[in-house]
Amino acid sequence: MKSALKALALSAALAASAAVANAETPVYLDDTQDIEARVQDALSRMTTSEKIAIIHAQSKFSSPGVQRLGIPGIWCTDGPHGIRPDVLWDEWEQAGATNDSCVAFPALTCLAATWDPQMSALYGKSIGEEARYRQKNVLLGPGVNINRTPLNGRSFEYMGEDPYLSSVMVVPYIQGVQANGVAACVKHYALNNQEVDRDHVNVLVDDRTLHEIYLPAFKAAVKDGGAWAIMPGYNKYNGDHACENSVLLLDILKGDWGFDGVAISDWGAVHNTEKVATNGLDMEFGSWTNGLNWGASNAYDNYYLAKPYQKLIEEGKMDTKDLDDKAARVLRLIMRTEMNRNRPYGSLNSDEHYAAARTIGANGTVLLKNEGNLLPIAPTAKKVLVVGENAIKMMTVGGGSSSLKVQHETLPLDGIRKMAADKGIEIVYERGYVGDVTGEYNGVTTGQDLNDSRTAEQLIADAVKAAKDADMVIFIGGLNKSDHQDAEGTDRLAYELPYNQNTVISALAKANPNTVVVNLTGNAYAMPWKDEVPAIVQGWYFGSEAGNALADVLFGEVNPSGKMPFTMAAALTDYAAHATADPEMYPGVNGDVTYKEGLDVGYRHTDKLKPARVNYAFGHGLSYTTFELGQASLSTKELTQDGTVTVTVPVTNTGSREGAEVVQVYVRDVKSTLARPMKELKAFQKVTLKPGQTEVVKLTLDKNAFAFYNADTKQWEVEPGKFEILVGTASDNIAARLPLNITAKNLAWKD
């Protein structure tokens with residue numbers, strides 16, 4: 001058998017050698033030229049068939065180059081939290097490689113919760129190095145869709161509910177990835193805010209809301225981050241699929257923003273050759289056939305941007321202008337990545353990457369509540385009970401295309417046990433509840449057996465008994481990455497925690513007053529037990545270093561400094577998209593979902609509600625130390641044409657240990673001729689201080705901080721009049737309100 005396989009391999013090698021010998025001698029491009037000259041040089045040498053070939057896939061994750069000219073192809077990989085394991089050429093099944101394990105970094109909700117661009121830069125650099133080492137040219141991430149509804153199954157892949165926070169945090173990520181010669185492909189452009197009927201749902205939203213809420217992070221990714229690729233989503237916008245939408249791709253992306261990169265389709269998101277050929281998409285990838293045992297055997301040549309497109313050109317029904325633009329963009333991408341000789345080599349599963357994952361995870365952890373300073377865990381707590389399935393469940397597998405094959409994953413219980421042992425603390429574990437005992441996605445399995453034969457009542461009884469005998473209880477629950485929780489392709493079915501966790505938490509709180517609730521989620525949820533427990537920690541899907549990052553915070557090795565990237569409302573109906581239970585607003589009627597709430601997304605709506613309707617506001621997050629904002633001031637009381645205003649505020653650490661606070665600046669238009677939000681985040685800065693230390697934070701606002709989008713003139717405008725600059729540490733915790741008068745007239749500009 002082995003000799004037969006060896007002979008077959010030798011025969012294949014000889015055939016390949018003969019093919020190379022008989023091929024036309026490649027014309028290698030002069031790499032001393034600048035990229036644009038090389039792009040045009042290559043384009044002038046290519047045939048129509050070669051141009052067609054490079055704008056669509058040749059396998060699940062690759063596209064061909066131009067062998068005749070020595071131009072290599074492109075290899076994509078899913079992200080945005082780690083480098084996806086390799087699959088077979090034409091199938092979704094695992095390739096069976098032994099060198100494609102990775103470091104899983106925390107979910108992007110966690111990154112956003114750091115409110116720290118330096119953490120974003122570290123994240124991008126680290127994941128970019130892993131992609132480069134794995135010889136991937138395009139990382140399919142990051143995601144920056146706005147968290148419109150807490151039911152969105154894919155929110156954990158995004159950066160929260162605020163366009164400004166997302167805009168600031170996405171830029172360093174992109175720059176860090178691309179410094180490795182790997183393109184960041186920002187997704188899902190645009191309005192992919194739900195997974196229900198995501199392939200076909202048609203989003204109806206007014207132009208002002210589109211530009212003020214749902215586009216800013218994409219614009220920042222392109223104009224400030226210099227993203228080399230972008231991925232239109234599956235959904236429709238105003239009747240046309242995002243991959244075939246001329247307004248999104250031609251008018252805005254390539255027109256207003258001057259995008260010179262490649263628009264790459266989501267897998268299987270293209271539906272019409274004529275539209276996709278002329279409306280701005282550059283590369284088509286797909287998943288509707290594996291090219292082998294179902295679908296056409298020449299599947300990739302039958303893609304919409306393949307032979308059907310070439311046929312229209314050959315029949316004279318289309319010219320080659322659009323084709324040349326697409327091919328030029330793909331060539332530019334190849335030269336920025338695979339043909340860039342100055343790329344670093346990258347690294348995989350390095351100590352530095354694990355350290356980065358741990359640091360980002362700890363810095364993104366949000367301390368929501370800490371009555372009586374129950375946290376960090378004191379040495380006097382000699383026996384600590386840990387309860388909950390999420391303490392022992394791997395979270396790197398599942399959730400959709402962001403599912404990963406990790407080299408290793410430290411579970412929360414293991415991280416806590418290890419650190420507790422060093423401190424002489426005994427850790428006891430009880431399950432408490434049984435949720436999803438499976439652990440498989442796309443051929444990757446966790447290898448865990450999480451089955452438990454006890455009844456729900458017995459599980460609670462056992463946990464309560466152990467709680468009465470412990471000095472402290474740490475409940476670790478939340479959501480997971482199963483269907484209808486935090487997962488691609490499905491939305492959540494309810495706002496409450498699943499698996500009867502509310503009952504478990506209440507029972508533990510009654511049994512032991514020193515109960516800490518730690519929830520690992522990518523979304524908000526109801527907290528009917530909020531007033532029953534003294535301490536609450538919001539965790540996330542932390543990745544490979546989950547247990548260590550969480551233990552760092554619980555034991556005080558790291559002082560928590562995370563802030564909420566979205567609002568934790570009391571009930572689903574407290575979110576604007578669900579306030580009236582109008583199916584036209586969610587999940588849609590007859591294929592249309594209408595964003596009737598307009599600008600009232602997240603805190604723009606919830607901050608208008610009674611305080612009891614908001615459990616924890618956008619930007620909220622406590623520390624093991626305390627801070628005080630001093631008297632804030634403005635550099636000017638009047639903003640003139642193209643001027644700026646600097647907000648100055650001293651911040652003092654009034655506690656007993658080093659920690660970090662996030663100064664947040666919101667803008668309010670006191671009197672406007674049109675409806676505007678009561679406040680909008682427009683600047684923030686994280687500052688680390690030693691006990692007793694004071695630092696003066698200075699944040700500058702320019703005209704963009706005061707502008708609204710005029711849908712009639714299609715430009716940004718600032719109205720003269722009175723504004724307020726709000727300075728605080730959360731959207732509901734404003735320490736200073738500073739008046740500002742804008743005297744500039746006719747202040748308007750286009751993107």
Side-chain angles (χ1 to χ4, degrees), residues 35-36 39 54-58 60-65 71-80 83-84 108 124 127-128 130-132 134-145 157-158 170-190 192 215 217-234 242-245 248-250 252-254 257-267 269-270 276 279-286 305 325-340 343 401-402:
I35 284 182
E36 294 310 310
V39 166
I54 68 170
I55 65 170
H56 67 83
Q58 65 174 351
K60 279 295 179 213
F61 282 96
S62 74
S63 63
I71 299 174
I74 290 174
W75 281 92
C76 300
T77 180
D78 269 317
I83 309 308
R84 186 174 180 168
L108 291 188
I127 196 172
E130 298 237 336
R132 173 68 187 98
R134 289 271 304 280
Q135 300 183 49
K136 308 302 182 183
N137 309 118
V138 179
L139 175 69
L140 302 175
V144 291
N145 290 104
E157 292 188 49
Y158 303 140
V170 73
V171 170
Y173 181 114
I174 293 169
Q175 293 171 337
V177 170
Q178 294 185 170
N180 287 281
V182 176
C185 183
V186 186
K187 59 186 186 182
H188 301 90
Y189 179 70
N192 182 187
L215 292 186
F218 290 104
K219 181 170 71 172
V222 171
K223 300 190 74 171
D224 300 327
W228 293 340
I230 199 165
M231 178 183 285
Y234 287 111
C243 285
E244 302 159 8
N245 197 295
L248 291 177
L249 296 177
L250 294 179
I252 298 174
L253 178 65
K254 296 180 178 179
W257 301 347
F259 178 64
D260 70 352
V262 177
I264 300 175
S265 78
D266 209 337
W267 271 231
V270 179
V276 76
N279 288 356
L281 191 79
D282 301 308
M283 291 188 75
E284 179 186 1
F285 280 81
L305 281 180
D325 180 64
K326 298 177 196 298
R329 289 171 179 271
V330 174
L331 289 170
R332 188 179 298 119
L333 178 63
I334 293 171
M335 292 176 190
R336 283 170 165 169
T337 58
E338 188 64 25
M339 294 183 74
N340 175 7
R343 291 177 298 166
S401 59
S402 64

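- The backbone N or O of Ala183 lies less than 3.5 Å from no partner atom in the side chain of Thr337, so there is not a single donor-acceptor pair.
- Shown here for Val270 and Ser265, the closest heavy-atom pair between the two residues is CG2-CB, 3.7 Å.
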Mind running side-chain contact (heavy atoms from CB on, under 4.5 Å) on Asn245 and Asn279 for me, showing each step along the way?
CA-CA 6 Å; Asn245 197 295; Asn279 288 356; over 6 Å; no
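- The aromatic rings of Phe218 and Tyr189 sit perpendicular to each other, their planes meeting at more than 60°, with 30° as the lower class boundary.
- Residues satisfying the side chain to side chain donor-acceptor pair (under 3.5 Å) criterion with Asp325, sequence neighbours excluded, are Arg329.
- With sequence neighbours left out, the side chain to side chain donor-acceptor pair (under 3.5 Å) criterion links Asp78 to Arg84.
- Every side chain to side chain contact (heavy atoms under 4.5 Å, CB included) that Ser402 has, sequence neighbours left out, goes to Pro80, His81, Phe156, Glu157.
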side-chain contact (heavy atoms from CB on, under 4.5 Å) for Tyr158 and Asn145? Distances and angles first, verdict last.
CA-CA 6 Å; Tyr158 303 140; Asn145 290 104; 3.3 Å; yes
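- A distance of 9.0 Å separates NZ in Lys223 from CH2 in Trp257, rounded to the nearest 0.5 Å.
- Aromatic ring centres of Trp267 and Phe61: separated by under 6.0 Å.
- Using a cutoff of 4.0 Å between basic side-chain nitrogens and carboxylate oxygens, Arg336 and Asp260 are scored as salt-bridged.
- In this structure Asp266 satisfies the salt bridge (Lys or Arg N to Asp or Glu O under 4.0 Å) test with no other residue, sequence neighbours excluded.
- Taken from CD1 in Ile264 to CE in Met283, the straight-line distance is 5.5 Å, to the nearest 0.5 Å.
- Rounding to the nearest 0.5 Å gives a distance of 8.5 Å between CG of Leu250 and CG of Leu253.
- Between the side chain of Arg343 and the backbone N or O of Asn340, at least one donor-acceptor pair lies under 3.5 Å.
- Nearest heavy atoms, Met335 versus Ile35: SD-O, 4.1 Å.
- Residues Ala263 and Leu249 come closest through the heavy atom pair CB-CD2, 4.4 Å.
- The minimum heavy-atom distance linking Ala190 with Leu215 is given by the pair CB-CD2, 3.9 Å.
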Kindly determine whether Val177 and Val182 satisfy side-chain contact (heavy atoms from CB on, under 4.5 Å), including the steps that lead there.
CA-CA 6 Å; Val177 170; Val182 176; 4.0 Å; yes
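- Taking Gln178 as the reference, Ile174, Ala184, Ala227, Trp228 meet the side chain to side chain contact (heavy atoms under 4.5 Å, CB included) condition, with sequence neighbours excluded.
- Here the CD1-CG distance, from Ile54 to Leu331, works out to 4.0 Å after rounding to the nearest 0.5 Å.
- To the nearest 0.5 angstrom, Glu284 atom CD is 8.5 Å from Cys243 atom SG.
- Between Ile55 and Asp282 the shortest side-chain heavy-atom distance does not fall below 4.5 Å.
- Using a 4.5 Å cut-off on side-chain heavy atoms (C-beta onward), Leu281 and Pro232 make contact.
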Apply side-chain contact (heavy atoms from CB on, under 4.5 Å) to residues Ile230 and Lys187 and explain how you reach the verdict.
CA-CA 6 Å; Ile230 199 165; Lys187 59 186 186 182; over 6 Å; no
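- Expressed to the nearest 0.5 Å, how far CD1 of Ile127 lies from CZ of Arg132 amounts to 15.5 Å.
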Which side-chain N or O atoms in residues 135-143 pair as donor and acceptor under 3.5 Å with protein atoms at least two apart or in another chain?
residue: Lys136; atom: NZ; partner: Asp86; partner atom: OD1; Å: 2.7
residue: Asn137; atom: OD1; partner: Trp75; partner atom: N; Å: 2.7
residue: Asn137; atom: ND2; partner: Glu338; partner atom: OE1; Å: 2.7

